[in-house]
Amino acid sequence: MKQKPTLPRGTRDYTPAMMLRRNYIISHIKEVFEKFGFLPLETPAMENLSVLMGKYGEEGDQLLYKILNQGDFLKNVQPEDLKKGSKLFALQIAEKGLRYDLTVPFARFVVMNQHDLAFPFKRYQIQPVWRGDAPQKGRYREFYQCDADVVGTNSLICEAEIILMMNEVLGKRLGIQGFEIKINHRKILAGIAEKIGAEGKENELCVAIDKLDKIGKEKVEQELLQRGFSENNIQALQPIFDVPANNEAKIQFLEDFLQNSAVGSEGIADLKQIFEYLQLFDSQTSFPVVVDITLARGLSYYTGAIFEVKVKNSAVGSISGGGRYDNLTGTFGLQGMAGVGFSFGLDRIYDVLEEQNLFPAQTQSTTQMLFTNFDKESEKFVLPLLKKLRDAGYKAEIYPQSTKLDKQFKYADKKQIPFVLVAGSEEMKNNEISVKNMQTGEQKRIKIENLQTFFQEQL
RNA sequence: GAGAAUGUAGCUCAGUUGGUUAGAGCAUCGGUUUGUGGCACCGAGGGUCGUGGGUUCGAGUCCCAUCUUUCUCCCCA
């Protein structure tokens with residue numbers, strides 16, 4: 001009868017201790033998004049499969065969680081339907097699925113509400129997504145994405161603002177050390193492909209070049225050969241393997257290298273414009289932005305600038321990323337809706353903050369004071385005080401039953417509540433209460449009329 | 001989809017060439033302290049050893065199957 005409770009594979013509970021820390025991160029992200037004019041949006045956990053299917057490639061369709069139809073889902077099924085194979089049959093008995101990312105539901109939303117929205121439309125969205133992938137270290141079947149997108153504009157001010165937001169959240173607010181905002185441009189990659197005589201093969205080029213810092217030049221060349229690039233292509237690619245490190249020099253180099261390529265030059269012009277906007281926004285700060293031509297990003301719908309944030313000397317991978325796309329809503333029949341978006345990797349940011357020991361102490365607990373409970377008499381004495389302190393804005397609680405003080409103190413200790421208030425017959429007689437500071441162990445008798453001023457000084 | 005491990009108390013794990021009633025630490029509860037946490041000491045509860053089959057006088061230990069979880073590759077956040 002007794003069965004062990006379990007969790008579906010690849011999912012986890014977020015304990016109160018974790019939630020306090022996650023909320024700390026999320027609150028900064030939200031504040032910054034809103035400061036830049038992004039508004040919150042939430043969409044349902046489930047979408048119609050017709051919305052989700054075919055948007056993530058064949059593999060993506062496989063990883064979609066499908067929801068069995070309500071009621072008698074076999075009602076209209078014939079025995080021969082089973083012969084169609086499980087993929088097709090699944091679609092006959094499931095018409096809904098769990099969202100796989102936030103971008104496609106967002107595109108769906110934009111199309112459905114196109115006549116009511118104020119364009120350029122800016123929204124942020126922080127919600128879980130589900131993927132039926134094999135879980136691994138740092139990879140889950142349910143995880144959160146924090147996306148912000150602007151649609152309906154080509155302005156590169158948006159790109160510059162993305163850099164500002166990344167810098168403000170990760171650097172200024174959360175205090176992460178040694179992070180780098182890498183930037184590249186799909187058109188530069190296309191230009192390179194064109195220049196080396198492998199026009200139109202920039203996707204393959206991207207996939208291989210993306211691994212440069214992981215597997216090294218030799219292996220990348222091997223992979224390029226395997227992917228159908230010629231020795232000549234690879235020969236022409238050589239200068240790319242030792243571009244200058246400095247941003248300006250790198251842009252200068254690329255400008256020369258790509259001067260005959262129209263697309264390539266467009267990409268360079270965009271990057272220059274983005275840097276110019278950054279200058280205008282703030283000429284004092286030097287943002288940790290690095291032009292990195294090995295940055296490709298897997299997502300095929302990116303068409304302009306692409307971003308990725310990495311922390312140097314950390315095992316945690318990229319903690320933020322994004323890019324510009326030309327045609328977000330095309331598959332839903334709304335053409336020419338260009339935009340740019342990015343997202344923060346909540347779980348990875350969490351790991352980095354833990355690694356760099358950056359969570360403030362107050363993210364350990366929220367209750368500021370605990371009233372102990374002796375008996376009915378002390379309840380009478382203490383409840384009005386509790387109400388007053390709460391009205392004054394303090395987070396306060398009472399141990400709801402009377403048990404041994406020992407137990408009540410252990411409770412406070414475990415919840416890391418900084419103050420414990422004790423009122424027994426001794427104190428009540430003198431209209432006082434004993435206040436114990438749990439960190440120092442110091443205990444004082446305070447007149448109840450002085451309680452609030454006492455806490456004003458202490459907290 | 002390919003490969004490699006793993007499973008014993010709530011948690012982390014020990015358990016010898018197969019041999020009585022399967023152990024430890026942490027956690028929980030009780031006591032030393034009927035009004036005071038962290039520290040210490042004493043004590044208690046808690047396990048059909050993942051599941052099914054097989055070998056054996058005897059299986060946590062050996063064999064087969066199955067499931068679970070974890071890791072690597074692929075891909076991704």
Side-chain angles (χ1 to χ4, degrees), chain A residues 1-12 15 56-64 99-103 126-147 206-207 210-211 214-215 219 223 226 296-300 307-310 316-323 341-352 365 370-375 377-378 382 399 402-429 432-445:
Chain A
M1 210 54 198
K2 178 177 87 175
Q3 53 165 0
K4 275 200 175 181
T6 57
L7 224 40
R9 194 165 180 222
T11 67
R12 61 240 167 97
T15 63
Y56 310 105
E58 208 172 313
E59 278 216 25
D61 284 353
Q62 295 280 94
L63 303 181
L64 276 175
R99 85 167 91 75
Y100 182 88
D101 70 358
L102 300 179
T103 308
I126 302 174
Q127 289 190 277
V129 302
W130 294 270
R131 295 182 187 179
D133 209 352
Q136 271 180 43
K137 186 170 53 182
R139 252 169 98 176
Y140 302 94
R141 286 179 159 173
E142 179 190 68
F143 60 95
Y144 275 74
Q145 291 190 331
C146 315
D147 279 22
C206 286
V207 175
D210 190 35
K211 297 179 185 163
K214 254 193 213 162
I215 61 177
K219 291 254 172 95
E223 185 159 340
Q226 274 173 25
R297 294 198 52 90
L299 293 173
S300 53
F307 303 96
E308 191 158 286
V309 180
K310 283 207 167 140
V316 182
S318 85
I319 56 174
S320 179
F342 76 113
S343 84
F344 286 112
L346 190 54
D347 297 293
R348 289 181 172 183
I349 291 174
Y350 186 102
D351 291 343
V352 170
S365 71
L370 173 79
F371 285 89
T372 56
N373 192 328
F374 268 102
D375 48 29
E377 274 309 301
S378 77
V382 130
Y399 197 89
S402 61
T403 33
K404 291 188 295 185
L405 274 197
D406 177 74
K407 215 171 175 182
Q408 306 189 36
F409 270 86
K410 270 187 185 149
Y411 173 83
D413 189 46
K414 214 170 214 179
K415 278 185 84 169
Q416 301 194 41
I417 299 172
F419 290 97
V420 175
L421 313 197
V422 183
S425 52
E426 287 288 299
E427 287 88 348
M428 291 194 279
K429 206 161 52 191
E432 291 176 335
I433 193 157
S434 292
V435 180
K436 182 165 186 176
N437 180 324
M438 295 294 279
Q439 255 144 44
T440 63
E442 202 182 341
Q443 184 164 321
K444 269 189 202 165
R445 291 271 189 99

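Sequence lines set the chain letters: A, B, ... in the order given, protein chains first and strands last, and positions in each chain run from 1.
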Determine, step by step, whether Asp347(A) and Tyr140(A) satisfy the side chain to side chain donor-acceptor pair (under 3.5 Å) criterion, reporting the C-alpha distance in whole Å, the side-chain angles of both residues, the deciding distance to 0.1 Å, and the verdict. CA-CA 10 Å; Asp347(A) 297 293; Tyr140(A) 302 94; over 6 Å; no

Using only heavy-atom distances, decide whether a donor-acceptor pair under 3.5 angstrom links the side-chain of Gln62(A) to the base of G1(B). no

Stacking check Phe143(A) vs A77(B) (5.5 Å / 30 deg): yes

Tell me if the aromatic rings of Phe307(A) and Phe342(A) count as close, with their centers under 6.0 Å from one another. no

Ignoring hydrogens and angles, answer whether the base of G37(B) and the side-chain atoms of Lys436(A) contain a donor-acceptor pair closer than 3.5 Å. yes

G25(B): pairing nucleotide in any strand, Watson-Crick or G-U under 3.5 angstrom: C11(B)

Side chains of Glu427(A) and Ser434(A): is there a donor and an acceptor less than 3.5 Å apart? yes

Name the orientation class of the two ring planes belonging to Tyr411(A) and Tyr399(A) (parallel below 30°, tilted from 30 to 60°, perpendicular beyond 60°). perpendicular

Please state the C1' separation for the pair U68(B) and G50(B) - nearest whole angstrom. 7 Å

Is there a donor on the side chain of Gln443(A) or the base of U36(B) sitting less than 3.5 Å from an acceptor on the other? yes

Taking A4(B) as the reference, what is the distance to C11(B) when you measure between their P atoms (whole Å, please)? 29 Å

Given the C1' atoms of G35(B) and A22(B), what is the spacing between them in whole Å? 43 Å

Is there a donor on the side chain of Arg139(A) or the base of C71(B) sitting less than 3.5 Å from an acceptor on the other? no

Please state the C1' separation for the pair U21(B) and U36(B) - nearest whole angstrom. 42 Å

